[in-house]
Amino acid sequence: MTQTQPARLMEGTHLARRIIGTGAAAADRLRQRTGTAPCLATVLVGDDPASVTYVRMKRARCEQAGIRSRHVALPASVSTGGLVETITALSEDPDVHGILLQHPVGPHIDERAAFEAIAPEKDVDGVTTHSFAAMAFGLPGFVSCTPGGIMRLLDAYGVGLSGKHAVVVGRSAILGKPAGMLLLGRDATVTYCHSRTTGLSGLVREADVLIAAVGRPRFIEGAAIKPGAVVIDAGYNPGNVGDVDFESARERASLITPVPGGVGPMTIAVLLAQTVEAAERQLAAG
Ligand code: NAP
């Protein structure tokens, strides 16, 4: 059974632009009121081309939105201790309101220790255990940006979540796991799938809301999707290809994110929005 109409697109590009516009206006008001613009510190270890590009994009978007960025580039050879020291200094610097550690940081570094050096009030990328716990308990705090962006997309397109079966394929700490927790917090019934899951396509077929966060090009085919499902493709693989086979999935889903232009732009938008919010809170606290 297929849909009579192909799925409507969930346009992250447009929504992200609106969120960044709202953030820029708030950053400007804050600067006028306090004389200080929000500041995001970006920390990059080594010179992996993809990481360099991601950080450059994030900084450029910040500057367009009136958010200052302070960039710290460290050699690939930096030790865990050296990286922790750098991040601790940024955590203690009152002129920095948000901290982004671009990952991966290299196999010789204890990435978790580096993330934990980020002060919770500056954890605008939502990577610390403090932020994850707050999110899981439904307490205030910053969420991991890509899952946060997914929730904003679902809300913007009026997708009801209560009682819906959400299937999340992928369980990484930055994407799949927090996405499932946020969906659970909105009363969805959540199933996680991962590399050891058996009967994956049967589980995917039960999804009212499907989140694909696998990192494998066109891993989920249209035939595996329940007619009328909402499909969020967080995957971003070489050649601008998602984790869902877009053409066949579009014939089955009611709503679907394109790749590119779906989830991707939302990640940066949430990062910027959370940086402005962090600055507002820190400057209000004096
Ligand atoms: P990751 O850390 O590599 O995690 C991939 C997850 O997929 C793991 O949980 C893994 O299971 C699961 N998996 C791998 N092969 C599988 C299989 N055959 N069947 C079922 N599950 C399988 O990747 P990630 O960082 O979460 O990223 C996932 C995708 O999202 C990538 O394409 C990435 O580029 C994209 N992404 C996009 C954004 C954005 O801003 N748009 C941000 C972050 C990531 P195990 O846990 O069992 O290994």
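Just follow the structure's listing: the first ligand is 1, and inside any ligand the first atom is 1.
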A.B. asks: At less than 3.5 Å, what protein N or O atoms come close to the N or O atoms of ligand 1? Include the distances to 0.1 Å.
C.D. replies:
| from | atom 1 | to | atom 2 | distance (Å) |
| --- | --- | --- | --- | --- |
| ligand 1 | 7 (O) | Val214 | O | 3.4 |
| ligand 1 | 9 (O) | Arg171 | N | 2.8 |
| ligand 1 | 11 (O) | Ser195 | N | 3.2 |
| ligand 1 | 15 (N) | Arg216 | NE | 3.1 |
| ligand 1 | 21 (N) | His194 | O | 3.4 |
| ligand 1 | 21 (N) | Ser195 | N | 3.3 |
| ligand 1 | 26 (O) | Ser172 | OG | 2.5 |
| ligand 1 | 30 (O) | Ala234 | O | 3.2 |
| ligand 1 | 32 (O) | Tyr236 | N | 2.9 |
| ligand 1 | 34 (O) | Tyr236 | O | 3.1 |
| ligand 1 | 40 (O) | Thr267 | OG1 | 2.7 |
| ligand 1 | 46 (O) | Arg171 | NE | 2.7 |
| ligand 1 | 47 (O) | Arg171 | NE | 3.3 |
| ligand 1 | 47 (O) | Arg171 | NH2 | 2.8 |
| ligand 1 | 47 (O) | Ser195 | N | 3.1 |
| ligand 1 | 47 (O) | Ser195 | OG | 2.5 |

A.B. asks: Using the six-membered ring of Phe142, assess whether NZ or CZ of Arg281 lies under 6.0 Å from its centre and within 45 degrees of the ring axis.
C.D. replies: yes

A.B. asks: Who are the side chain to side chain donor-acceptor pair (under 3.5 Å) partners of Lys58, not counting sequence neighbours?
C.D. replies: Gln102

A.B. asks: Are the side chain of Ser91 and the backbone of Ala119 linked by a donor-acceptor contact shorter than 3.5 Å?
C.D. replies: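 Side chain of Ser91 to backbone of Ala119: a pair is present.
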
A.B. asks: Quick one: do Asp155 and Arg186 make a salt bridge, cutoff under 4.0 Å?
C.D. replies: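 Salt bridge flag = yes for Arg186 with Asp155.
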
A.B. asks: Would Arg218 and Asp245 pass as an ion pair if we require N to O under 4.0 Å?
C.D. replies: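 Salt bridge between Arg218 and Asp245, a charged N being under 4.0 Å from a carboxylate O: yes.
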
A.B. asks: Between Arg70 and Asp95, is there a salt bridge with N-O shorter than 4.0 Å?
C.D. replies: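 Salt bridge between Asp95 and Arg70, a charged N being under 4.0 Å from a carboxylate O: yes.
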
